[in-house]
*Asks:* 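Handing you a structure now.
The model shown is predicted, which means the values in this text are computed figures rather than measured ones.
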Amino acid sequence: MRYERKTILLFRFVLLCCAGLFCWKWLENFNNNEFQPSSQCHLPSWNQIHTTSVTGSLLNIFSQWLWMKLELSKENNQNYTSISILGAYVYPDQISISLTSQYTVQQNLYCRYYDCKKTEIPGSSYQSVVFPESVLHCPRRIGAEFVSVSRSLDREEEIPAPVRLTFRSFEKQPHDLTVCVGPMYGNESKWLQIADFVEHMKLEGATFVYFYVGNISDYDRKILTDYARTGDVEVINLHDKYDRPFYAWHLITIQDCHLRAKYHSKWVSFLDLDERISGTKNQSVIELLNAQESSVGEIQISVLNIVKDGDVAEKFENVAKLKETMIFRKWTDSTDPTWNASKVIVKPEMIGIMFIHNAIAKLPGVKTIQVNESQAVVRHLSSTKHRLDNNDWHLVPQLDGTLRKITKRPLEPEFAEKLTTAILKRVLNVYDRVPVKCDRIAKYLWESRKFPNPCESMSPVF
């Protein structure tokens, strides 16, 4: 009898929760009337959608409520900064805005909508809640091409400059696998690391890479610019009025890249520049992903720490030197694979909240699987001079007093040959400059402009 009473009470509680959620959604729909779009802009078909909320199904509403109660995304970091926008993305049913602030989680902000002329669309604002940290979800508005945020509707000076929406309302993702690269900063040369990273991941099936740039040299930036020119990468420059250490951008960029990859890629991985994912001789990473059942939304991959006891080449010198200093040839000593600091590949639409090494919240019914080194592994270039103590980590005894076993683990020869060819082609195109033949330049081109003879000076002095 007591058991039956408890069952009835539990049933009533669940029924009451469902009724409350239903009423909440009904009130949202009741209080959001569709407005008349502006007539001064052309409206393509994708921009003729109006939605009334961002809550989704009742099950997703409950999941979001639970994640908030558990405070799964609360950083309270860089709380001296103002609210500004890093990116904004338009999906089939909503808009998501990534913020540069890290202290506004679960605070109310208004979504503000602007047309093609950056004129605010009358009656279009919507009050939403920042969650997860640095992310604001907003409903769609007809004619909106720019968005901003504010704490209130009557203080114009608080509104950050509107940013253009990045289109993500695809019927089918244009990419099967993309990669998010954490913020790049520091003094070490990046050009060869960039080439090695992009070409390695392309051979494993990735077709696009999102690079977040904190601070790199002009020399390093040249190769990024060339990859952007050929449509292989997107470069996101990290800048804000308020200075912060570049590593403090890490969680912000993860949240932003999660949004950036939604509806743009079926799978996305989150890596640093010193990491690459390797499949096997018989199965590439993309083939591994394609073999998964549809309910799998997260794949965890172990890490192979490779001893990096030196620096990357500063600049390109010649082909022989380049081959000799290629990263995957120069460093092959590694420890056994570990699950410590493992990385993941996820389906972005199935993930609620991303963290540095894993998804900390997934939508209901989404599965996580682990693959061992016989299927895929993250090759991490672990520097012996990475931190202030210059610790040779691979020589430090483990907790049981034993030393780590060091084994040479080069790339498969066929893969290495393809990678060598791809890196050479890109590097030579960017850095193997051909000197100008000044005597071939038509005389009238410089004389008519009263410029100096190009054989004496290649640029005029202003």
*Asks:* Are the side chains of Met184 and Gln193 in touch, meaning some heavy atoms are under 4.5 Å apart?
*Replies:*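 Sidechains of Gln193 and Met184: no contact.
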*Asks:* Residues in salt bridge (charged side-chain N to carboxylate O under 4.0 Å, His left out) with Arg379, at least two apart?
*Replies:*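 Not a single residue meets the salt bridge (charged side-chain N to carboxylate O under 4.0 Å, His left out) criterion with Arg379.
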*Asks:* Mark yes or no for whether Asn290, through its side chain, and Ile286, through its backbone, hold a donor-acceptor pair below 3.5 Å.
*Replies:*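 Confirmed, Asn290 side chain pairs with Ile286 backbone.
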*Asks:* So which atom in Val54 and which in Pro139 form the shortest heavy-atom distance, rounded to 0.1 Å?
*Replies:*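 Heavy-atom minimum between the residues: CG1-N, 3.3 Å.
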*Asks:* For Lys222, enumerate each residue passing the salt bridge (charged side-chain N to carboxylate O under 4.0 Å, His left out) test, keeping only those at least two apart in sequence or located in another chain.
*Replies:*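 With neighbours one apart ignored, the set is empty.
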*Asks:* Can you name the side chain to side chain contact (heavy atoms under 4.5 Å, CB included) partners of Thr421, sequence neighbours left out?
*Replies:*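 Side chain to side chain contact (heavy atoms under 4.5 Å, CB included) list for Thr421, sorted by chain: Glu417.
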*Asks:* Are Val268 and Met354 side-chain neighbours, meaning at least one heavy-atom pair lies under 4.5 Å?
*Replies:*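 Side chain of Val268 against side chain of Met354, heavy atoms only: no contact under 4.5 Å found.
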*Asks:* Do any N or O atoms from the side chain of Ser217 and from the backbone of Asp220 form a donor-acceptor pair under 3.5 angstrom?
*Replies:*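 Indeed, once roles are kept as given, a pair shorter than 3.5 Å links the two residues.
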*Asks:* Where do Ser148 and Ile97 come nearest, in terms of heavy atoms and distance?
*Replies:*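 Heavy-atom minimum between the residues: O-CD1, 4.1 Å.
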*Asks:* Please check this pair: side chain of Trp191 against backbone of Glu314, looking for a donor-acceptor N/O pair closer than 3.5 Å.
*Replies:*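 Flag set: sc Trp191 to bb Glu314 pair under 3.5 Å.
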*Asks:* Side-chain contact test, heavy atoms from C-beta onward, threshold under 4.5 Å: evaluate it for Phe316 versus Leu322 and give yes or no.
*Replies:*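 They are in contact (side-chain heavy atoms under 4.5 Å apart), so the answer is yes.
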*Asks:* Is it possible for you to check whether Arg168 lies under 6.0 Å from the centre of the six-membered ring of Tyr89, through NZ or CZ, and within 45° of that ring's axis?
*Replies:*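 Relative to the ring axis of Tyr89, which defines the angle, Arg168 lies outside at least one limit.
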*Asks:* Run the side chain to side chain contact (heavy atoms under 4.5 Å, CB included) test against Ile441 and tell me which residues pass, sequence neighbours left out.
*Replies:*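 With sequence neighbours excluded, Ile441 shows a side chain to side chain contact (heavy atoms under 4.5 Å, CB included) to Val436, Leu445, Trp446, Pro454, given in chain and number order.
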*Asks:* Tell me every residue that passes salt bridge (charged side-chain N to carboxylate O under 4.0 Å, His left out) with Glu133, counting only those two or more places apart in sequence or in another chain.
*Replies:*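 Listed in chain order: nothing, the list is empty.
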*Asks:* Mind checking whether Tyr263 and Ser169 have side chains closer than 4.5 Å, heavy atoms only?
*Replies:*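 When only atoms from C-beta onward are counted, Ser169 and Tyr263 do not touch, as no gap falls below 4.5 Å.
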*Asks:* Just grab all the salt bridge (charged side-chain N to carboxylate O under 4.0 Å, His left out) pairs involving residues 169-185, residues at least two apart or on different chains.
*Replies:*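 Qualifying pairs: none.
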*Asks:* Going by salt bridge (charged side-chain N to carboxylate O under 4.0 Å, His left out), name the pairs with one or both residues in residues 84-101, residues two or more places apart or in two chains.
*Replies:*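 Qualifying pairs, neighbours excluded: none.
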*Asks:* What pairs with Asp240 under salt bridge (charged side-chain N to carboxylate O under 4.0 Å, His left out), at least two apart in sequence or on another chain?
*Replies:*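 By the salt bridge (charged side-chain N to carboxylate O under 4.0 Å, His left out) rule, Asp240 matches Arg244.
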*Asks:* Starting at CZ of Arg221, measure out to CD1 of Ile216 and round the result to the nearest 0.5 Å.
*Replies:*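 Answer for the CZ-CD1 pair, Arg221 versus Ile216, is 4.5 Å.
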*Asks:* Which pairs pass side chain to side chain donor-acceptor pair (under 3.5 Å) with one or both residues in residues 347-366, sequence neighbours excluded?
*Replies:*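 Counting only pairs at least two positions apart or across chains, the side chain to side chain donor-acceptor pair (under 3.5 Å) contacts touching residues 347-366 are Gln173-Glu349, Lys362-Thr368.
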*Asks:* Could you state the interatomic distance from CG (Asp272) to CZ (Phe197), rounded to the nearest 0.5 Å?
*Replies:*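 If we round to the nearest 0.5 Å, Asp272:CG and Phe197:CZ are 8.5 Å apart.
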*Asks:* Okay, side chain of Ser448, backbone of Tyr444: is any donor-acceptor separation there less than 3.5 Å?
*Replies:*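 Side chain of Ser448 to backbone of Tyr444: a pair is present.
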*Asks:* Under 3.5 Å, is there a donor-acceptor pair between the side chain of Ser101 and the main chain of Tyr103?
*Replies:*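 Checked: no pair found.
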*Asks:* Identify all side-chain donor-acceptor contacts of residues 199-209 below 3.5 Å with residues at least two apart in sequence or on another chain.
*Replies:*
from   : atom 1 : to     : atom 2 : distance (Å)
Glu199 : OE2    : Tyr227 : OH     : 2.6
His200 : NE2    : Ile277 : O      : 3.1
His200 : NE2    : Ser278 : OG     : 3.2
Glu204 : OE1    : Gly279 : N      : 3.4
Glu204 : OE1    : Val285 : N      : 3.0
Glu204 : OE2    : Gly279 : N      : 3.0
Thr207 : OG1    : His175 : ND1    : 2.8

*Asks:* Can you tell which of Glu234, Arg260, His250 makes a side chain to side chain donor-acceptor pair (under 3.5 Å) with Tyr212?
*Replies:*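 Testing Tyr212 for a side chain to side chain donor-acceptor pair (under 3.5 Å) against Glu234, Arg260, His250 leaves exactly one candidate, Arg260.
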*Asks:* Atom CZ in Arg112, atom CD1 in Ile121: separation rounded to 0.5 Å?
*Replies:*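 Here the rounded value is 12.0 Å.
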*Asks:* List the residues meeting side chain to side chain contact (heavy atoms under 4.5 Å, CB included) with Gln283, not counting sequence neighbours, and say none if there are none.
*Replies:*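 Residues passing side chain to side chain contact (heavy atoms under 4.5 Å, CB included) with Gln283: Thr280, Glu287, Leu288.
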*Asks:* Compare all side-chain heavy atoms of Thr325 with those of Val312 and state whether any distance is below 4.5 angstrom.
*Replies:*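 The answer is no, as the side chains (C-beta and beyond) never meet within the 4.5 Å cut-off.
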*Asks:* What salt bridge (charged side-chain N to carboxylate O under 4.0 Å, His left out) pairs are there with at least one residue in residues 55-71, not counting sequence neighbours?
*Replies:*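 Non-adjacent pairs meeting salt bridge (charged side-chain N to carboxylate O under 4.0 Å, His left out): Glu71-Lys74.
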*Asks:* For Tyr219, is the NZ or CZ atom of Lys315 found under 6.0 angstrom from the centre of its six-membered ring and inside 45 degrees of the ring axis?
*Replies:*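 Geometry flag: set, cation within 6.0 Å and 45°.
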*Asks:* Taking atom OG of Ser150 and atom CG of Leu109, what is their separation to the nearest 0.5 Å?
*Replies:*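 That separation rounds to 7.5 Å.
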*Asks:* Could you check whether atom OH of Tyr431 has more than 12 heavy atoms from other residues, nucleotides or ligands sitting under 6.0 Å from it?
*Replies:*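 Above 12, so yes.
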*Asks:* Working to the nearest 0.5 Å, report the span between OH of Tyr114 and SG of Cys41.
*Replies:*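 Rounded to the nearest 0.5 Å, the OH-SG separation comes to 14.0 Å.
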*Asks:* OH of Tyr113 to CZ of Arg140: how many Å apart, nearest 0.5 Å?
*Replies:*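 If we round to the nearest 0.5 Å, Tyr113:OH and Arg140:CZ are 10.0 Å apart.
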